Asker: 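Below is one structure. I have some questions about it.
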Amino acid sequence: MELDKHYNPQNVEDKWYKHWMEKGYFQSVPDDREPFTIVIPPPNVTGVLHMGHMLNNTIQDVLIRKARMEGKNACWVPGTDHASIATEAKVVKMLAEQGVKKTDIGREAFLNHAWEWKEKYGGIILEQLKKLGASVDWNRTRFTMEEDLSNAVTDVFIQMFKDGLIYRGTRMVNWDPVGKTTLSDEEVIFKENNSQLFFVTYPFSESTMKALGVNEGGLTVATTRPETIMGDVAICVHPDDERYKHLVGKTIIVPVVNREVPVIADDYIDMEFGTGCLKVTPAHDENDYRIGEKYKLEAIDVLTEDGKIHERAGVYVGLDRFACRKQIVKDLEQLGLLQKTEQIKNTVGHSERTDAVIEKRISTQWFVNMQEFMKRYPKVLDAVMTDEIKFHPPKFKNVYKHWMENIKDWNISRQLWWGHRIPAWYDESGNFVVAKDADEALTIYKQQYPDKSVQTLSQDEDVLDTWFSSWLWPISVFDGFKDKNNADYKYYYPTNDLVTGPDIIFFWVARMIMAGYAFNGEKPFSNVYFTGIIRDKLRRKMSKSLGNSPDPLDLIAKFGADGVRMGILLSSPAGNDILYDESQVEQGRNFCNKIWNAYRLIAGWQVIESPISEGDKLAGKWFNMKFRQAVDDVHAAFADYRLNEALMTIYKLIWDDFCSSYLEMVKPPFGEPVSRETLDEVKHHFDQVLKLLHPFMPFISEELHTALYEGNPEKALIVTEFPKANVPYETINEQALSIITEIRNMRNSKGLSPKHEFDMVLRTADSSIYVQWESIIRKLANVVNISYNADKPEKCLNALIGKDELFVPYAEQIDEAEEQKKIEEELIYLKGFLKSVDAKLTNEKFMANAKPDVIEKEKQKKADAEEKIRKLMMN
RNA sequence: GGGAGCUUAGCUCAGCUGGUUCAGAGCAUCUGCCUUACAAGCAGAGGGUCACUGGUUCGAACCCAGUAGCUCCCA
């Protein structure tokens with residue numbers, strides 16, 4: 001069969017994925033083997049695959065495939081996340097395009113649309129994972145809003161409420177005016193902003209003027225948010241501030257609304273900032289809220305849920321908050337109350353999902369009491385600090401610790417419909433009970449409020465934060481809440497590795513650890529591999545608006561899944577951002593091609609039934625040594641989750657040692673056959689290398705593994721054995737191989753063709769280390785006659801091979817002076833080296849302090865250098 | 001404002017508890033080759049004051065202090 005000159009992934013990848021599926025290799029059921037479990041970070045159900053997913057899932061697939069080949073019962077659980085805000089936003093947008101508003105159609109109809117949407121688009125991202133080669137157990141696909149997982153959420157909520165870990169309270173929360181929902185602190189992204197700082201004068205009240213005996217005047221405050229002036233209830237200054245001391249206790253007038261408010265003093269105030277006067281707006285700022293509580297001030301919320309001015313403000317009603325800012329500044333100017341405007345840099349919170357500017361708002365919501373939680377489950381922090389749960393790279397331990405030690409209550413209610421509805425039921429006066437369903441709620445209610453005669457309660461309209469279900473994921477995918485004693489859960493949990501981005505360390509990783517210890521008393525996983533964030537060449541994050549994010553499926557179509565996997569992995573040590581560049585996936589594709597052609601080479605060999613030659617035998621042993629060393633390196637790299645280094649080791653093993661060296665050593669001259677024994681050995685080595693490669697590049701390795709055995713391999717590669725570490729091997733002295741490089745170099749420097757034949761003379765104390773390599777040296781260095789310890793030829797090129805001398809007779813265009821110069825340079829180098837070594841050896845302090853083995857090494861270096869110098873001097 | 005981390009070749013990064021003249025890898029670059037496996041290739045080569053300044057040490061890319069620049073997290 002004619003084989004294509006270039007590897008063609010299209011002919012290979014889908015075929016093998018289908019085959020693996022049909023054979024059920026991805027499926028896992030509990031048995032007596034050791035389990036190896038990974039739960040996928042569930043992508044948003046309506047999402048599409050992006051580069052981050054590619055990196056993340058490739059790493060998981062590498063870990064899973066390796067474990068599977070090591071004889072473990074590998075189980076990779078796939079699934080999707082309902083992603084409350086993101087999905088609801090998409091459905092709202094879709095309905096808007098049809099001219100439908102969610103409030104018009106009501107909750108039930110809206111949810112029908114959402115489920116329809118989910119059915120239609122929910123599977124896309126999982127299908128895309130197949131293209132990548134992800135060996136997930138599709139029978140185990142879960143969805144965070146399916147019945148069992150929803151029940152788990154409800155049960156956990158109820159339990160935590162009973163345990164006093166969940167409470168309903170009125171707090172200042174983050175409000176997203178576009179999504180019209182609250183957000184947790186983690187969902188607020190702070191961005192640096194160029195803002196204007198407005199200096200606004202609040203005039204003295206009549207009584208103040210009277211008391212001061214003046215006819216005019218006022219206090220000037222600096223604010224970036226003049227549109228909240230209508231909510232001002234006080235002016236606050238520092239008690240020690242000499243400028244304002246006399247005004248404390250007096251009143252001033254809030255501009256525009258002409259409300260008379262007090263001037264108060266509190267040492268919270270920073271005298272240096274602005275004018276040293278703070279306008280107190282308890283409804284719209286966290287710090288003002290605290291001051292408001294302390295001094296029992298009213299909180300006037302002047303904004304509506306969509307960020308417009310509320311009727312309560314009295315003026316500008318209905319105007320958008322930013323439009324209002326402009327308008328009020330204009331009006332203040334006209335009133336002569338705007339003193340000046342300064343440009344400042346500050347940070348402004350934005351919604352992670354909608355990017356809207358966040359408003360602080362006082363609202364009644366559900367919270368998890370985190371301080372209390374951490375008090376009860378100290379293991380959540382300890383496990384990470386003591387490496388019971390290992391972070392890779394470990395630098396994220398600090399980040400984790402810092403967050404844990406400063407943890408705030410978690411706002412878990414969201415004003416959305418798509419999600420897990422909060423299992424709380426209310427009567428008309430706001431009394432509520434928490435229960436599994438309406439019936440149970442009523443029963444409990446009657447017990448709790450026996451004197452009330454309510455027959456119907458209404459359920460909380462809000463749903464829970466998406467992460468309130470995600471944090472249960474490693475437990476709930478194995479139905480650990482439904483039945484603590486089920487076989488899957490007992491077998492697979494705790495899971496082994498979690499692979500995710502550092503951006504969700506708080507959202508998800510930390511909370512899964514909390515859930516693990518709180519609901520089960522056990523860690524959810526043993527290792528967390530934090531990937532980097534994929535950026536473009538210029539270190540910009542990949543984003544739709546920049547258009548710098550390639551479509552992963554296009555890349556796979558162009559370069560093959562193996563090529564893309566390799567390209568992404570090669571440059572991504574754990575925790576480092578990866579700078580994506582198409583040349584990397586090109587490198588991956590080229591590597592596939594290289595391997596493909598290695599196969600083409602041996603597939604074309606004619607075979608003869610003759611015994612293996614000594615040279616081929618030696619080449620085989622030599623390659624085996626290289627292979628074993630590489631395998632050990634690969635295992636060591638895996639142990640530290642240095643996957644990129646493991647892959648690089650394999651890359652070099654295949655390209656340099658297998659292709660460039662081993663195959664060249666045993667390759668028969670054109671048209672000549674190869675011995676059966678040699679071919680078998682080459683095939684064996686090739687197959688070993690493919691096994692090592694398989695977790696990284698599953699498709700091409702499986703294809704060639706099969707091809708090597710003429711379509712009848714004993715086993716599919718995916719379930720063969722991954723090469724083991726620490727297998728003993730015969731050590732081969734390979735010093736002779738540097739002769740090849742030296743001679744090729746000589747030829748190159750003289751501009752000679754590789755076809756130009758050379759003879760060579762070696763001066764050595766031990767010719768045996770060279771003799772066995774002769775046939776290979778002849779072949780690869782194109783040398784004809786080899787002699788040992790003969791006289792130095794009249795005219796020759798020379799080089800040092802270790803401590804031995806190599807002469808290559810060559811009469812033409814030889815420049816004696818140049819050759820001499822080369823030797824001189826070598827001598828200068830060696831003498832310098834010797835001097836530095838001598839300096840150490842004659843230094844008493846060195847001899848006194850250095851470890852014996854270091855001294856021994858230095859002595860050896862001295863002896864070697866002296867011998868080399870002696871030889872060079874003789875010429 | 002608080003915290004963490006980074007700075008090594010043109011680029012991306014290794015360099016473990018100081019000890020081969022220790023300065024490495026891949027890619028890129030340069031030179032010569034279309035040598036019947038592969039030009040998506042082959043054979044070679046050249047690139048670095050290890051951010052800067054001091055200190056500790058027989059010895060520092062590595063340890064310590066300071067300076068500068070960058071990144072991330074938190075408020």
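Predicted, not measured: the structure shown is a model, and the values here were computed from it. Just so it is clear: chains get the letters A, B, ... in the order the sequence lines come, proteins before strands, and each one is counted from 1.
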Asker: Could you please name the option among rC74(B), rG44(B), rU21(B) that lies closest to any side-chain atom of F506(A)?
Answerer: rC74(B)

Asker: If I take atom NZ in residue K868(A) and atom C1' in nucleotide rU21(B), what distance separates them, rounded to the nearest angstrom?
Answerer: 11 Å

Asker: Scan every strand shown for a Watson-Crick or G-U wobble partner of rA23(B), both distances under 3.5 Å, and answer none if you come up empty.
Answerer: none

Asker: Looking at every strand, decide which applies to T347(A) at a 4.0 Å heavy-atom threshold: base, sugar-phosphate, or nothing.
Answerer: base

Asker: Considering only side-chain heavy atoms of Y651(A), which listed nucleotide, rG44(B), rG26(B), rC58(B), is closest?
Answerer: rG26(B)

Asker: Is the charged tip of R778(A) near the ring of W773(A): under 6.0 Å from the six-membered ring centre and within 45° of its axis?
Answerer: no

Asker: Return no unless some side-chain N or O of N745(A) is found under 4.0 Å from OP1 or OP2 of rA45(B).
Answerer: yes

Asker: Please encode protein proximity along nucleotides 31-40 of chain B as a string of B, S and -, counting only heavy-atom distances under 4.0 Å.
Answerer: -----BBBSB

Asker: For the pair T224(A) (side chain) and L197(A) (backbone), establish whether a donor and an acceptor sit closer than 3.5 Å, ignoring hydrogens and angles.
Answerer: no

Asker: Using whole Å, report how far CG of D581(A) lies from P of rG10(B).
Answerer: 18 Å

Asker: How many Å lie between CD1 on I189(A) and C1' on rC74(B), as a whole number?
Answerer: 12 Å

Asker: Rounded to the nearest angstrom, tell me the gap between atom NZ in K845(A) and atom C1' in rG19(B).
Answerer: 17 Å

Asker: If we call it a pair only when both distances are under 3.5 Å in a Watson-Crick or G-U wobble match, what pairs with rA68(B)?
Answerer: rU7(B)

Asker: Contact class for F591(A) (heavy atom, under 4.0 Å): base, sugar-phosphate, or nothing?
Answerer: nothing

Asker: With both distances under 3.5 Å as the test, what is the Watson-Crick or G-U wobble partner of rU36(B)?
Answerer: none

Asker: Please report, rounded to the nearest Å, how far the C1' atom of rC27(B) is from the CD1 atom of I568(A).
Answerer: 17 Å

Asker: Want to settle it: does T741(A) or W403(A) sit nearer the 5' end of RNA chain B, counting the closest nucleotide to each?
Answerer: T741(A)

Asker: Could you check whether the rings of Y599(A) and F686(A) sit parallel, tilted or perpendicular, using 30° and 60° as the cut-offs?
Answerer: tilted

Asker: Ion pair present between D409(A) and R171(A), side-chain N to carboxylate O less than 4.0 angstrom?
Answerer: no

Asker: Flag the pair E757(A) and R747(A) as a salt bridge only when some basic side-chain nitrogen lies within less than 4.0 angstrom of an acidic carboxylate oxygen.
Answerer: no

Asker: Send over the distance from F758(A) CZ to rG44(B) P, rounded to a whole Å.
Answerer: 14 Å

Asker: Angle between ring planes, Y662(A) versus F658(A), binned at 30° and 60°: parallel, tilted or perpendicular?
Answerer: tilted

Asker: Taking NZ, NE, NH1 and NH2 as the nitrogens, is one of them in D864(A) or K803(A) under 4.0 Å from a carboxylate oxygen of the other?
Answerer: yes

Asker: Please report, rounded to the nearest Å, how far the P atom of rG26(B) is from the CD atom of E586(A).
Answerer: 18 Å

Asker: Syn or anti for rG47(B), given that syn means the glycosidic angle lies within 90° of 0?
Answerer: syn

Asker: In the strands shown, is rC63(B) matched to any nucleotide by a Watson-Crick or G-U wobble pair with both distances under 3.5 Å, and which?
Answerer: rG55(B)

Asker: Does K840(A) have a side-chain nitrogen or oxygen under 4.0 Å from the phosphate oxygens OP1 or OP2 of rG19(B)?
Answerer: no

Asker: Base, sugar-phosphate alone, or nothing: which one does E645(A) contact when heavy atoms must sit under 4.0 Å apart?
Answerer: sugar-phosphate

Asker: Please name the nucleotide paired to rA43(B) by Watson-Crick or G-U wobble geometry with both distances under 3.5 Å, or report none.
Answerer: rU31(B)

Asker: Nearest of rC73(B), rG19(B), rU21(B) to any side-chain atom of V837(A)?
Answerer: rU21(B)

Asker: Using purine N1 to pyrimidine N3 plus N6-O4 or O6-N4 for Watson-Crick, or N1-O2 and O6-N3 for G-U wobble, both under 3.5 Å, which nucleotide pairs with rA14(B)?
Answerer: none

Asker: Could you give the CG-to-C1' distance, from D633(A) to rA14(B), as a whole number of Å?
Answerer: 13 Å

Asker: Quick one, F623(A) and E681(A) - any side-chain contact, counting heavy atoms below 4.5 Å?
Answerer: no

Asker: Need one value for N849(A): base, sugar-phosphate or nothing, where a base atom within 4.0 Å counts as base even if backbone is also close, heavy atoms only.
Answerer: base

Asker: Does K831(A) pair with E866(A) as a salt bridge, N-O distance under 4.0 Å?
Answerer: no

